[in-house]
Amino acid sequence: MSHPVRFADGTGAVRVGLLTGEQLRPLAVASMSDLLRRPVAEIRELAEAAGEPVSTAGTRLLPPLDGRTHLEERSRPRLIEIIANLRDRVEEARMNGWLGEVQGLQVSLDAATRKLVSMDRTRDRHTKSSVDLPMPTVTVRANS
């Protein structure tokens with residue numbers, strides 16, 4: 001099974017690719033948000049046309065969401081499902097001794113958890129932003 005990942009190559013350049021087991025193939029997209037913006041059929045075409053595998057030596061997996069990816073509140077339940085699924089996959093990978101898979105999944109799990117916390121903080125900030133102020137009292141004074 002392949003899944004899209006963000007990674008920093010040996011030169012430090014951030015790229016998007018498909019990770020299949022230990023094989024990493026770059027995709028012809030500028031960012032993860034660019035990939036996720038496309039229709040499913042186009043994503044499949046990009047996956048089929050993915051470049052030749054790159055050396056994983058010196059590469060580093062990055063959190064899947066970049067700063068240009070915006071999640072709305074309605075996506076919160078799905079994000080919770082993804083986090084639960086990632087936890088299960090991390091545990092399965094640990095039980096099977098798939099250390100490379102554990103590392104990659106843990107990066108995704110950490111990023112998804114941070115995104116959920118960020119979404120909750122943003123929501124809390126917006127819901128707590130109203131302030132109840134009392135009606136001012138006006139005193140009328142007559143000049144003598």
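Shown here are the side chain to side chain donor-acceptor pair (under 3.5 Å) partners of Q103, two or more places apart in sequence or in another chain: there are none.
The shortest distance between side-chain heavy atoms of E101 and L105 falls below 4.5 Å. You'll find the side chain of L35 reaches within 4.5 Å of the side chain of L27, heavy atoms only. L24 is listed as a side-chain neighbour of F7, based on a closest heavy-atom distance under 4.5 Å. Taking 4.5 Å as the limit, some side-chain heavy atom of V54 sits within range of a side-chain heavy atom of P26. Proximity of L19 to L61: side-chain heavy atoms (C-beta onward) are separated by under 4.5 Å at one or more points.
Put simply, the side chain of D9 gets close to the backbone of T11: a donor and an acceptor are under 3.5 Å apart. In this structure a side-chain-to-backbone donor-acceptor pair under 3.5 Å is present from R25 to A47. Between the side chain of R38 and the backbone N or O of I43 there is no donor-acceptor pair closer than 3.5 Å. No donor-acceptor pair under 3.5 Å is formed between the side chain of S118 and the backbone N or O of R114.
Linking Ile, Leu, Val, Met, Phe, Trp and Tyr residues whenever their side-chain heavy atoms come within less than 4.5 Å leaves V5 and L62 in two separate clusters. Hydrophobic cluster membership differs between W98 and L109, with clusters built from Ile, Leu, Val, Met, Phe, Trp and Tyr side chains linked at under 4.5 angstrom.
The minimum heavy-atom distance between V102 and A93, with the atom names listed, is CG2-CB, 3.5 Å. Residues A50 and L18 share a closest heavy-atom pair of CB-CD1, 4.4 Å. Taking both residues in full, the closest heavy atoms of V107 and P63 are given as CG1-N, 3.6 Å, listed atom of the first, atom of the second, then distance.
Taken to the nearest 0.5 Å, the CD atom of Q106 stands 4.5 Å off from the CG atom of D110. Separation of atoms CE (M32) and CG (D34) is listed at 11.0 Å; rounding is to 0.5 Å. Rounding to the nearest 0.5 Å gives a distance of 8.5 Å between OG of S75 and NZ of K115.
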Evaluate R6 against V14 for side chain to side chain contact (heavy atoms under 4.5 Å, CB included), listing each step before the verdict. CA-CA 7 Å; R6 286 179 63 235; V14 176; 3.6 Å; yes
Any chance you could lay out the side chain to side chain contact (heavy atoms under 4.5 Å, CB included) test for Q23 and S2, step after step, and finish with the verdict? CA-CA 9 Å; Q23 194 175 58; S2 297; over 6 Å; no
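Residue pairs meeting the side chain to side chain donor-acceptor pair (under 3.5 Å) criterion with at least one member in residues 81-91, sequence neighbours excluded: R78-E81.
Using a cut-off of 4.0 Å between Lys/Arg side-chain N and Asp/Glu carboxylate O, D120 and R76 are scored as salt-bridged.
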